[in-house]
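Notes follow once the structure below has been shown.
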Amino acid sequence: MFITVENLKKSYRAGENKNEVLRGVSLTLEGGRIGVILGPSGSGKSTLMNIIGGVDRADGGSVRVGGEELTALSDDRLTDYRRDSVGFIFQFYNLVPNLTVTENIEVVSNISKAPLDMDMVLNAVGLKAKKRSFPRELSGGEQQRAAIARAIVKNPKLLLCDEPTGALDYETSRGVLSLLQKVNRDFGTTVLMITHNTAIGNMANVVYRLRGGEIVETIRHEETAAAERIEW
């Protein structure tokens, strides 16, 4: 298994109050697959993704990604893991406004050990004609495509997507989801996405339903739906 999470626990304290966000979460995902974590706001989705992405640390349990035990890594090694192995895509695009599309992508490619070819990445996301444009000159869908290009240019083993269509309209959302499927297919990138939209689970190989900090159901699909055909 590429991702193995076992009995993961995480809580936060606010004064004397303790909020248990993850209550012994366990899941597995094979490499080169698409996984979707479904759950309402406050279910622990973002906390789980942040721990898998090496952004946050667990209180207990184990997380292995690509054979590496994240819970045992030092802060410096976690930084290396995030830089070399993980691409992040968020609901809001976080592009640098005074940099062009190409320059936004180069910010990541310049610090990567083995970046993908820039023109290949721009072609893959359909932005070659917009490579000299600034974020303000792009539509919301184009900005998210630029954010995806920035995430995949370093050729990450794992692509983590936090509500990647949350700020987009219906048709644009399906286009972005279709692009994520294309990245998974063309580059063999393992994709793990969190969302509250149950329909998006139809495009995933595995769906994990998270509620109250616990996995309450795991659904494995023999066949997945093409993103452009998903309706909600």
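If you're wondering where the values come from, they're calculated on a predicted model, not measured in any experiment. Basis for what follows: all heavy atoms, side chains included, without hydrogens, waters or symmetry-related copies.
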Report, one line per pair, each donor and acceptor closer than 3.5 Å where one atom sits in a side chain of residues 12-25; sequence neighbours left out.
unit_1: Y12; atom_1: OH; unit_2: D56; atom_2: OD2; d: 2.6
unit_1: R23; atom_1: NE; unit_2: G212; atom_2: O; d: 3.2

> So with a 6.0 Å cut-off around CZ of R211, is the heavy-atom count from everything else above 12?
Replying inline: no
> Backbone N or O of F2 within a donor-acceptor pair of the R33 side chain at under 3.5 Å?
Replying inline: no
> Does F134 have any side-chain contact (heavy atoms from CB on, under 4.5 Å) partners at least two apart in sequence or in another chain, and if so, which?
Replying inline: T100, R136, E137
> Side chain of S178, backbone of R174: donor and acceptor closer than 3.5 Å?
Replying inline: no
>> Could you check whether any side-chain heavy atom of T190 comes within less than 4.5 Å of a side-chain heavy atom of L159, counting everything from C-beta outward?
In response: no
>> Atom CD of residue position E231 - does it have more than 12 heavy atoms of other residues, nucleotides or ligands inside 6.0 Å?
In response: no
> Taking side chain as C-beta onward, heavy atoms only, is E6 less than 4.5 Å from V63?
Replying inline: no
>> For a quick check under 3.5 Å, do S74 and R77 share a side-chain donor-acceptor pair by atom type?
In response: no
> Is a side-chain donor-acceptor pair under 3.5 Å present for N50 with T47?
Replying inline: no
> Can you tell me if N7 and S26 form a side-chain donor-acceptor pair at under 3.5 Å?
Replying inline: no
> Is there a side-chain contact between L177 and M193 (heavy atoms, below 4.5 Å)?
Replying inline: yes
> Which atoms form the tightest heavy-atom contact between V96 and P135, and what is the distance?
Replying inline: O-CG, 3.6 Å
> Are V183 and D186 side-chain neighbours, meaning at least one heavy-atom pair lies under 4.5 Å?
Replying inline: no
> Do L70 and R64 come close enough that some side-chain heavy atom pair is under 4.5 Å?
Replying inline: no
